[in-house]
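Working notes, beginning with the structure itself.
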Amino acid sequence: MKFENMVGKEFDNISQRVIYPYIVLYPEFNAVLSDEVSEEAQRQMNEFIKNTIITLYNNPELIEMSVDKDDYYIFGQMNKDRPELYDLIRKLEKKFLTFFNFLYNIGLAGNIKDKTIIHNSIIYNSFYIPKTFKALNKKKQAILESLGLVIEVEKDNIIVYSKEYPELCLGWKELSKISKSLWSDDDSKAIVVKTNAKFAFMKCLFGFKDVTLSRVCGDLEQSGTYLHQIEEYLVKKGYEIFYDDGNPMLQKIYPKKQEGNFRVFFTLQNKNQLVYAIRIPDFTTLVTVYFEHMDEELKEFIFARIGKCSGCGYCTQTDKSGKRKRLAVALEMDGEVIGKCPLYPNLGWDRLDENAVYMIKKLLDFAEETLYK
(Lines give C-alpha, C1' and ligand atoms only; values in the text may rest on other atoms or scores of the structure.)
Protein backbone atom coordinates (compact mmCIF):
# COMPACT_ATOMS: atom_id res chain seq x y z
CA MET A 1 0.00 0.00 0.00
CA LYS A 2 1.42 3.38 -0.99
CA PHE A 3 1.57 5.76 1.96
CA GLU A 4 3.78 8.58 3.17
CA ASN A 5 7.04 7.20 4.58
CA MET A 6 6.95 8.03 8.31
CA VAL A 7 9.81 5.81 9.45
CA GLY A 8 11.99 7.82 11.82
CA LYS A 9 9.59 10.78 11.80
CA GLU A 10 7.19 12.22 14.35
CA PHE A 11 3.47 11.53 14.00
CA ASP A 12 0.60 13.89 14.65
CA ASN A 13 -0.35 11.81 17.70
CA ILE A 14 0.79 8.68 19.47
CA SER A 15 -2.03 6.49 18.11
CA GLN A 16 -0.78 7.10 14.57
CA ARG A 17 2.56 5.63 15.68
CA VAL A 18 0.70 2.45 16.64
CA ILE A 19 -1.45 2.19 13.51
CA TYR A 20 1.16 3.16 10.90
CA PRO A 21 2.82 -0.30 10.59
CA TYR A 22 -0.54 -1.86 9.76
CA ILE A 23 -0.86 0.52 6.82
CA VAL A 24 2.56 0.06 5.26
CA LEU A 25 2.67 -3.70 5.84
CA TYR A 26 -0.76 -4.26 4.34
CA PRO A 27 -0.44 -6.81 1.49
CA GLU A 28 -1.21 -5.90 -2.09
CA PHE A 29 -4.47 -7.35 -3.34
CA ASN A 30 -4.20 -10.76 -4.97
CA ALA A 31 -7.43 -12.66 -5.62
CA VAL A 32 -7.55 -16.32 -4.68
CA LEU A 33 -9.40 -18.75 -6.93
CA SER A 34 -12.44 -19.82 -4.94
CA ASP A 35 -15.83 -21.44 -5.49
CA GLU A 36 -17.12 -19.68 -2.37
CA VAL A 37 -16.30 -16.03 -3.03
CA SER A 38 -15.81 -14.03 -6.22
CA GLU A 39 -12.74 -12.00 -7.09
CA GLU A 40 -14.84 -8.83 -6.90
CA ALA A 41 -16.06 -9.65 -3.39
CA GLN A 42 -12.45 -10.26 -2.34
CA ARG A 43 -11.37 -6.97 -3.87
CA GLN A 44 -14.12 -5.01 -2.15
CA MET A 45 -13.29 -6.56 1.23
CA ASN A 46 -9.62 -5.77 0.70
CA GLU A 47 -10.46 -2.14 -0.07
CA PHE A 48 -12.77 -1.89 2.93
CA ILE A 49 -10.17 -3.20 5.41
CA LYS A 50 -7.46 -0.98 3.91
CA ASN A 51 -9.66 2.11 4.05
CA THR A 52 -10.75 1.27 7.58
CA ILE A 53 -7.14 1.21 8.79
CA ILE A 54 -6.45 4.54 7.08
CA THR A 55 -9.63 6.06 8.54
CA LEU A 56 -8.60 5.03 12.05
CA TYR A 57 -5.08 6.37 11.44
CA ASN A 58 -6.55 9.77 10.52
CA ASN A 59 -9.27 9.62 13.20
CA PRO A 60 -8.12 7.40 16.10
CA GLU A 61 -10.64 9.03 18.41
CA LEU A 62 -13.37 7.08 16.57
CA ILE A 63 -12.45 4.06 18.67
CA GLU A 64 -11.37 6.08 21.70
CA MET A 65 -7.67 5.91 20.97
CA SER A 66 -5.53 8.75 22.33
CA VAL A 67 -4.77 11.81 20.22
CA ASP A 68 -2.08 12.95 22.66
CA LYS A 69 1.28 14.12 21.35
CA ASP A 70 3.55 11.52 19.79
CA ASP A 71 6.19 10.01 22.08
CA TYR A 72 8.98 7.48 21.69
CA TYR A 73 12.23 6.23 23.18
CA ILE A 74 15.35 8.25 22.57
CA PHE A 75 18.46 6.36 21.47
CA GLY A 76 19.62 3.89 24.11
CA GLN A 77 16.40 3.80 26.13
CA MET A 78 14.77 0.45 26.85
CA ASN A 79 11.38 -0.72 28.10
CA LYS A 80 12.59 -0.65 31.70
CA ASP A 81 13.57 3.02 31.31
CA ARG A 82 10.10 4.18 30.28
CA PRO A 83 7.62 1.49 31.33
CA GLU A 84 4.71 3.92 31.26
CA LEU A 85 5.22 4.63 27.56
CA TYR A 86 5.65 0.95 26.77
CA ASP A 87 2.38 0.14 28.61
CA LEU A 88 0.53 2.98 26.86
CA ILE A 89 1.57 1.79 23.40
CA ARG A 90 0.56 -1.79 24.22
CA LYS A 91 -2.86 -0.58 25.44
CA LEU A 92 -3.42 1.51 22.31
CA GLU A 93 -2.48 -1.39 20.06
CA LYS A 94 -4.81 -3.68 21.99
CA LYS A 95 -7.67 -1.21 21.50
CA PHE A 96 -6.94 -1.04 17.78
CA LEU A 97 -6.86 -4.83 17.43
CA THR A 98 -9.99 -5.19 19.56
CA PHE A 99 -11.88 -3.22 16.94
CA PHE A 100 -10.84 -5.73 14.29
CA ASN A 101 -11.95 -8.52 16.62
CA PHE A 102 -15.33 -6.87 16.47
CA LEU A 103 -15.35 -6.72 12.66
CA TYR A 104 -14.18 -10.32 12.50
CA ASN A 105 -17.04 -11.44 14.73
CA ILE A 106 -19.62 -9.50 12.72
CA GLY A 107 -18.68 -11.61 9.72
CA LEU A 108 -18.34 -14.89 11.57
CA ALA A 109 -21.51 -14.64 13.65
CA GLY A 110 -23.82 -13.30 10.94
CA ASN A 111 -25.71 -14.93 8.10
CA ILE A 112 -25.75 -13.79 4.49
CA LYS A 113 -29.04 -12.78 2.90
CA ASP A 114 -29.37 -10.70 -0.26
CA LYS A 115 -25.74 -9.55 0.01
CA THR A 116 -26.19 -8.31 3.57
CA ILE A 117 -25.01 -9.69 6.91
CA ILE A 118 -27.92 -10.34 9.24
CA HIS A 119 -27.63 -10.87 12.97
CA ASN A 120 -30.31 -11.91 15.36
CA SER A 121 -29.80 -9.18 17.96
CA ILE A 122 -30.39 -11.54 20.89
CA ILE A 123 -27.91 -14.12 19.61
CA TYR A 124 -25.53 -11.39 18.46
CA ASN A 125 -25.09 -9.95 21.94
CA SER A 126 -24.48 -13.41 23.40
CA PHE A 127 -21.45 -14.05 21.19
CA TYR A 128 -17.98 -13.44 22.51
CA ILE A 129 -17.22 -9.86 21.54
CA PRO A 130 -14.67 -7.79 23.52
CA LYS A 131 -16.33 -5.65 26.18
CA THR A 132 -15.55 -2.39 24.38
CA PHE A 133 -17.89 -3.40 21.53
CA LYS A 134 -20.16 -5.92 23.18
CA ALA A 135 -23.43 -4.16 22.54
CA LEU A 136 -24.32 -2.49 19.27
CA ASN A 137 -25.45 0.74 20.89
CA LYS A 138 -25.74 4.04 19.06
CA LYS A 139 -22.08 4.89 19.65
CA LYS A 140 -20.81 1.65 18.13
CA GLN A 141 -23.31 1.91 15.32
CA ALA A 142 -21.99 5.40 14.54
CA ILE A 143 -18.46 4.00 14.26
CA LEU A 144 -19.57 1.44 11.68
CA GLU A 145 -21.52 4.08 9.80
CA SER A 146 -18.45 6.34 9.71
CA LEU A 147 -16.75 3.51 7.78
CA GLY A 148 -19.46 3.71 5.11
CA LEU A 149 -21.61 0.84 6.40
CA VAL A 150 -25.38 0.92 6.58
CA ILE A 151 -26.85 -0.44 9.83
CA GLU A 152 -30.57 -1.24 9.98
CA VAL A 153 -32.48 -2.64 12.92
CA GLU A 154 -35.64 -4.59 12.14
CA LYS A 155 -37.40 -6.24 15.07
CA ASP A 156 -34.90 -8.81 16.38
CA ASN A 157 -32.48 -8.46 13.47
CA ILE A 158 -29.48 -6.23 12.88
CA ILE A 159 -28.65 -5.84 9.18
CA VAL A 160 -25.24 -4.70 7.94
CA TYR A 161 -24.34 -3.82 4.35
CA SER A 162 -22.54 -1.29 2.15
CA LYS A 163 -23.86 0.81 -0.72
CA GLU A 164 -20.35 1.61 -1.93
CA TYR A 165 -19.29 -2.05 -1.91
CA PRO A 166 -22.35 -4.15 -2.84
CA GLU A 167 -20.36 -7.42 -2.76
CA LEU A 168 -18.62 -6.55 0.52
CA CYS A 169 -20.61 -8.75 2.88
CA LEU A 170 -19.99 -11.84 0.75
CA GLY A 171 -16.25 -11.28 1.07
CA TRP A 172 -16.57 -10.33 4.74
CA LYS A 173 -18.35 -13.53 5.69
CA GLU A 174 -15.98 -15.75 3.72
CA LEU A 175 -12.85 -14.00 5.04
CA SER A 176 -14.01 -14.53 8.63
CA LYS A 177 -14.62 -18.22 7.95
CA ILE A 178 -11.27 -18.66 6.20
CA SER A 179 -9.40 -16.83 8.95
CA LYS A 180 -10.90 -19.05 11.62
CA SER A 181 -10.39 -22.32 9.75
CA LEU A 182 -6.89 -21.68 8.41
CA TRP A 183 -5.37 -19.63 11.17
CA SER A 184 -6.87 -20.76 14.48
CA ASP A 185 -7.36 -23.85 16.56
CA ASP A 186 -10.78 -25.44 16.51
CA ASP A 187 -12.95 -23.91 19.21
CA SER A 188 -16.56 -25.05 19.35
CA LYS A 189 -17.41 -23.17 22.56
CA ALA A 190 -17.54 -19.63 21.22
CA ILE A 191 -16.34 -17.32 18.51
CA VAL A 192 -12.99 -16.46 20.03
CA VAL A 193 -10.40 -14.82 17.84
CA LYS A 194 -7.09 -16.62 18.01
CA THR A 195 -4.05 -14.44 17.42
CA ASN A 196 -3.31 -15.58 13.89
CA ALA A 197 -6.97 -15.56 12.87
CA LYS A 198 -7.26 -11.95 13.94
CA PHE A 199 -4.21 -10.89 11.96
CA ALA A 200 -5.22 -12.94 8.92
CA PHE A 201 -8.57 -11.14 8.93
CA MET A 202 -7.14 -7.63 9.23
CA LYS A 203 -4.55 -8.39 6.52
CA CYS A 204 -7.41 -9.64 4.33
CA LEU A 205 -5.59 -12.90 3.60
CA PHE A 206 -7.97 -15.05 1.59
CA GLY A 207 -4.87 -17.12 0.77
CA PHE A 208 -1.15 -16.93 0.17
CA LYS A 209 -1.02 -16.24 -3.57
CA ASP A 210 2.02 -14.19 -4.61
CA VAL A 211 2.56 -12.69 -1.15
CA THR A 212 6.27 -11.99 -0.75
CA LEU A 213 8.36 -9.90 1.60
CA SER A 214 9.54 -7.58 -1.13
CA ARG A 215 5.97 -6.97 -2.36
CA VAL A 216 4.66 -6.20 1.12
CA CYS A 217 7.63 -4.23 2.43
CA GLY A 218 9.51 -3.09 -0.65
CA ASP A 219 8.66 0.62 -0.42
CA LEU A 220 9.93 1.04 3.12
CA GLU A 221 13.02 3.22 3.43
CA GLN A 222 13.82 2.72 -0.25
CA SER A 223 15.11 -0.75 0.70
CA GLY A 224 13.13 -2.61 -1.92
CA THR A 225 16.07 -3.58 -4.14
CA TYR A 226 18.11 -4.88 -1.21
CA LEU A 227 15.13 -6.68 0.27
CA HIS A 228 14.50 -8.39 -3.05
CA GLN A 229 18.15 -9.52 -3.13
CA ILE A 230 17.87 -11.05 0.33
CA GLU A 231 14.57 -12.72 -0.49
CA GLU A 232 15.89 -14.18 -3.74
CA TYR A 233 18.97 -15.49 -1.92
CA LEU A 234 16.98 -17.11 0.90
CA VAL A 235 14.39 -18.67 -1.39
CA LYS A 236 17.21 -20.37 -3.31
CA LYS A 237 18.34 -21.82 0.02
CA GLY A 238 14.91 -23.33 0.62
CA TYR A 239 13.35 -20.62 2.79
CA GLU A 240 9.58 -20.29 2.49
CA ILE A 241 6.98 -17.70 3.39
CA PHE A 242 5.58 -18.15 6.88
CA TYR A 243 3.15 -15.87 8.70
CA ASP A 244 4.07 -14.53 12.11
CA ASP A 245 0.99 -12.77 13.51
CA GLY A 246 -0.16 -12.10 9.97
CA ASN A 247 3.13 -10.58 8.82
CA PRO A 248 5.13 -12.60 6.31
CA MET A 249 8.65 -13.76 7.06
CA LEU A 250 11.00 -16.18 5.33
CA GLN A 251 11.68 -19.30 7.34
CA LYS A 252 13.56 -22.60 7.10
CA ILE A 253 13.78 -25.42 9.64
CA TYR A 254 17.21 -27.03 9.79
CA PRO A 255 18.22 -30.37 11.38
CA LYS A 256 17.49 -30.75 15.10
CA LYS A 257 14.61 -28.27 14.67
CA GLN A 258 16.94 -25.28 14.44
CA GLU A 259 15.17 -22.34 12.82
CA GLY A 260 16.49 -19.75 10.45
CA ASN A 261 14.35 -16.78 9.43
CA PHE A 262 14.34 -13.26 8.08
CA ARG A 263 11.70 -10.81 9.32
CA VAL A 264 10.59 -7.25 8.77
CA PHE A 265 8.80 -5.73 11.75
CA PHE A 266 8.19 -2.56 13.73
CA THR A 267 9.20 -1.70 17.29
CA LEU A 268 6.45 0.79 17.99
CA GLN A 269 8.13 2.54 20.90
CA ASN A 270 11.28 3.50 18.95
CA LYS A 271 11.42 6.62 16.82
CA ASN A 272 12.93 4.62 13.97
CA GLN A 273 10.56 1.68 14.36
CA LEU A 274 11.58 -0.40 11.37
CA VAL A 275 13.74 -3.50 11.85
CA TYR A 276 15.08 -6.01 9.33
CA ALA A 277 16.35 -9.04 11.26
CA ILE A 278 18.01 -12.34 10.43
CA ARG A 279 17.95 -15.38 12.71
CA ILE A 280 20.88 -17.75 12.19
CA PRO A 281 20.20 -21.43 12.97
CA ASP A 282 22.09 -22.75 16.02
CA PHE A 283 23.83 -19.41 16.47
CA THR A 284 25.02 -20.36 19.96
CA THR A 285 27.04 -23.31 18.64
CA LEU A 286 28.36 -21.18 15.80
CA VAL A 287 29.81 -18.65 18.26
CA THR A 288 30.91 -20.90 21.10
CA VAL A 289 32.57 -23.55 18.92
CA TYR A 290 33.44 -22.00 15.57
CA PHE A 291 34.33 -18.36 16.26
CA GLU A 292 38.03 -19.01 15.65
CA HIS A 293 37.20 -20.57 12.27
CA MET A 294 35.80 -17.26 11.01
CA ASP A 295 37.82 -14.77 8.99
CA GLU A 296 38.64 -11.40 10.53
CA GLU A 297 35.74 -9.59 8.87
CA LEU A 298 33.18 -12.04 10.26
CA LYS A 299 34.86 -12.06 13.68
CA GLU A 300 34.63 -8.28 13.88
CA PHE A 301 30.96 -8.37 12.91
CA ILE A 302 30.07 -11.06 15.48
CA PHE A 303 32.12 -9.38 18.22
CA ALA A 304 30.26 -6.12 17.68
CA ARG A 305 26.81 -7.72 17.43
CA ILE A 306 26.69 -9.76 20.62
CA GLY A 307 26.63 -8.19 24.05
CA LYS A 308 28.70 -8.70 27.16
CA CYS A 309 27.50 -11.40 29.57
CA SER A 310 25.64 -9.65 32.39
CA GLY A 311 25.51 -12.70 34.65
CA CYS A 312 21.70 -12.71 34.52
CA GLY A 313 21.59 -16.50 35.01
CA TYR A 314 19.11 -17.16 32.21
CA CYS A 315 21.29 -19.86 30.65
CA THR A 316 21.65 -21.74 33.96
CA GLN A 317 18.23 -21.22 35.53
CA THR A 318 17.04 -24.81 34.99
CA ASP A 319 20.22 -26.33 36.45
CA LYS A 320 19.42 -27.71 39.91
CA SER A 321 22.92 -29.09 40.45
CA GLY A 322 24.59 -25.70 40.30
CA LYS A 323 27.35 -27.15 38.14
CA ARG A 324 26.27 -25.96 34.71
CA LYS A 325 28.59 -23.37 33.26
CA ARG A 326 27.35 -20.18 31.70
CA LEU A 327 27.08 -20.08 27.93
CA ALA A 328 29.19 -16.95 27.87
CA VAL A 329 32.24 -17.35 25.67
CA ALA A 330 35.47 -15.37 25.93
CA LEU A 331 36.01 -13.66 22.58
CA GLU A 332 39.13 -11.73 21.67
CA MET A 333 39.32 -8.81 19.30
CA ASP A 334 42.27 -6.43 18.92
CA GLY A 335 43.82 -7.72 22.13
CA GLU A 336 40.61 -7.23 24.13
CA VAL A 337 38.97 -10.30 25.68
CA ILE A 338 35.31 -10.03 26.72
CA GLY A 339 32.85 -12.65 27.97
CA LYS A 340 30.08 -12.49 25.37
CA CYS A 341 26.53 -13.89 25.54
CA PRO A 342 25.50 -15.70 22.32
CA LEU A 343 21.80 -16.02 23.24
CA TYR A 344 20.67 -12.53 22.24
CA PRO A 345 22.66 -11.28 19.24
CA ASN A 346 21.72 -8.02 17.57
CA LEU A 347 21.34 -9.24 14.01
CA GLY A 348 18.98 -6.45 12.97
CA TRP A 349 19.24 -3.35 10.79
CA ASP A 350 17.02 -0.27 10.69
CA ARG A 351 17.94 0.27 7.04
CA LEU A 352 19.13 -2.15 4.39
CA ASP A 353 22.11 -1.32 2.20
CA GLU A 354 24.72 -3.16 0.18
CA ASN A 355 26.85 -3.93 3.25
CA ALA A 356 23.88 -5.35 5.21
CA VAL A 357 23.02 -7.70 2.34
CA TYR A 358 26.66 -8.75 2.07
CA MET A 359 27.01 -9.55 5.80
CA ILE A 360 23.70 -11.44 5.96
CA LYS A 361 24.79 -13.64 3.07
CA LYS A 362 28.30 -14.14 4.44
CA LEU A 363 27.12 -15.08 7.94
CA LEU A 364 24.44 -17.50 6.78
CA ASP A 365 26.75 -19.10 4.20
CA PHE A 366 29.34 -19.68 6.93
CA ALA A 367 26.72 -21.14 9.26
CA GLU A 368 25.41 -23.59 6.66
CA GLU A 369 28.86 -24.63 5.48
CA THR A 370 30.08 -25.12 9.05
CA LEU A 371 27.05 -26.66 10.75
CA TYR A 372 25.22 -28.42 7.92
CA LYS A 373 27.78 -29.82 5.51
Side-chain angles (χ1 to χ4, degrees), residues 73 75-79 213 221 223 226-227 229-239 242 244 249-267 270 272-317 324-373:
Y73 294 175
F75 182 78
Q77 284 187 326
M78 302 176 68
N79 296 341
L213 277 178
E221 286 291 274
S223 297
Y226 301 116
L227 186 60
Q229 291 175 19
I230 293 172
E231 184 167 37
E232 188 175 54
Y233 162 78
L234 292 174
V235 168
K236 286 181 179 179
K237 284 184 172 291
Y239 280 65
F242 176 81
D244 177 25
M249 69 175 180
L250 290 163
Q251 180 192 58
K252 179 179 177 179
I253 303 301
Y254 290 81
K256 298 183 180 179
K257 298 182 179 180
Q258 292 294 320
E259 179 185 341
N261 67 50
F262 181 82
R263 298 188 297 143
V264 182
F265 61 95
F266 280 73
T267 52
N270 293 340
N272 193 349
Q273 314 133 295
L274 185 59
V275 180
Y276 303 90
I278 184 80
R279 175 174 177 173
I280 301 298
D282 205 1
F283 183 79
T284 298
T285 299
L286 196 68
V287 173
T288 57
V289 178
Y290 295 103
F291 181 76
E292 292 303 323
H293 295 250
M294 300 177 186
D295 64 21
E296 289 303 310
E297 183 178 48
L298 206 50
K299 282 183 179 179
E300 289 180 7
F301 176 79
I302 294 297
F303 191 86
R305 289 292 183 135
I306 55 179
K308 183 179 179 180
C309 172
S310 65
C312 69
Y314 179 81
C315 58
T316 59
Q317 63 180 331
R324 182 188 298 171
K325 294 181 179 180
R326 291 176 182 170
L327 282 175
V329 57
L331 301 183
E332 181 178 355
M333 182 60 57
D334 297 329
E336 182 181 21
V337 180
I338 299 179
K340 295 276 192 170
C341 172
L343 291 181
Y344 298 105
N346 175 15
L347 299 179
W349 291 259
D350 59 12
R351 184 188 296 264
L352 292 179
D353 55 23
E354 188 174 337
N355 184 63
V357 174
Y358 170 74
M359 290 309 303
I360 287 171
K361 290 181 177 181
K362 183 167 185 174
L363 179 57
L364 184 56
D365 284 344
F366 178 82
E368 290 194 336
E369 291 167 5
T370 304
L371 300 173
Y372 305 106
K373 292 179 179 178

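Around CD of Gln317, the count of heavy atoms belonging to other residues, nucleotides or ligands within 6.0 Å exceeds 12.
In this structure, Asp295 and Phe366 have side chains that are not in contact, with every pair of non-hydrogen atoms separated by 4.5 Å or more. With a 4.5 Å cut-off on side-chain heavy atoms, Pro281 and Tyr372 count as touching. Side-chain contact between Ile278 and Ile230 is absent, with no heavy-atom pair separated by less than 4.5 Å. Counting heavy atoms from C-beta on, the side chains of Leu352 and Gln229 never come closer than 4.5 Å. Side-chain contact between Phe301 and Leu363 is present, with at least one heavy-atom pair separated by less than 4.5 Å. With contacts defined as side-chain heavy-atom distances shorter than 4.5 Å, the pair Tyr226/Tyr276 does not qualify. For the pair Leu234 and Lys252, the minimum side-chain heavy-atom distance is 4.5 Å or more. Between Leu347 and Phe283, the closest side-chain pair of non-hydrogen atoms falls below 4.5 Å.
With Lys340 contributing its side chain and Leu331 its backbone, the two residues share no donor-acceptor pair below 3.5 Å. A distance-only check finds a donor-acceptor pair linking the side chain of Arg305 to the backbone of Gly348 [under 3.5 Å]. Formation of a donor-acceptor pair under 3.5 Å by the Lys361 side chain with backbone atoms of Tyr233 is not found in this model. Although no hydrogens or angles enter the test, the distance criterion places no donor-acceptor pair under 3.5 Å between the side chain of Gln273 and the main chain of Phe266.
Expressed to the nearest 0.5 Å, how far CD of Glu332 lies from NZ of Lys299 amounts to 8.5 Å. Interatomic distance, CD of Glu300 versus CG of Asp334, reported as 6.5 Å (0.5 Å rounding). Between Ile306 atom CD1 and Thr284 atom OG1 the span is 9.0 Å, to the nearest 0.5 Å. Ser310 OG to Tyr344 OH: the interatomic distance, rounded to the nearest 0.5 Å, is 10.0 Å. For the atom pair Leu298 CG and Leu286 CG, the distance stands at 7.5 Å (nearest 0.5 Å). Atom CD of Glu369 sits about 9.5 Å away from atom CG of Leu364, to the nearest 0.5 Å.
A salt bridge links Lys237 with Asp365; the closest basic N to acidic carboxylate O contact falls under 4.0 Å.
Of all heavy-atom pairs spanning Val337 and Ala330, the tightest one is CG1-CB, 3.9 Å. Taking both residues in full, the closest heavy atoms of Gln258 and Asp282 are given as OE1-N, 3.0 Å, listed atom of the first, atom of the second, then distance. Residues Pro342 and Leu327 share a closest heavy-atom pair of CD-O, 3.7 Å.
A distance of 6.0 Å or more separates the ring centres of Phe262 and Tyr239.
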Could you walk me through whether Phe291 and Ile302 satisfy the side chain to side chain contact (heavy atoms under 4.5 Å, CB included) test, starting with their C-alpha distance in whole Å, then the side-chain angles of each, then the deciding distance to 0.1 Å, before giving a yes or no? CA-CA 8 Å; Phe291 181 76; Ile302 294 297; 4.0 Å; yes
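Partner of Thr267 under the side chain to side chain contact (heavy atoms under 4.5 Å, CB included) criterion, chosen from Asp350, Val275, Asn272: Val275.
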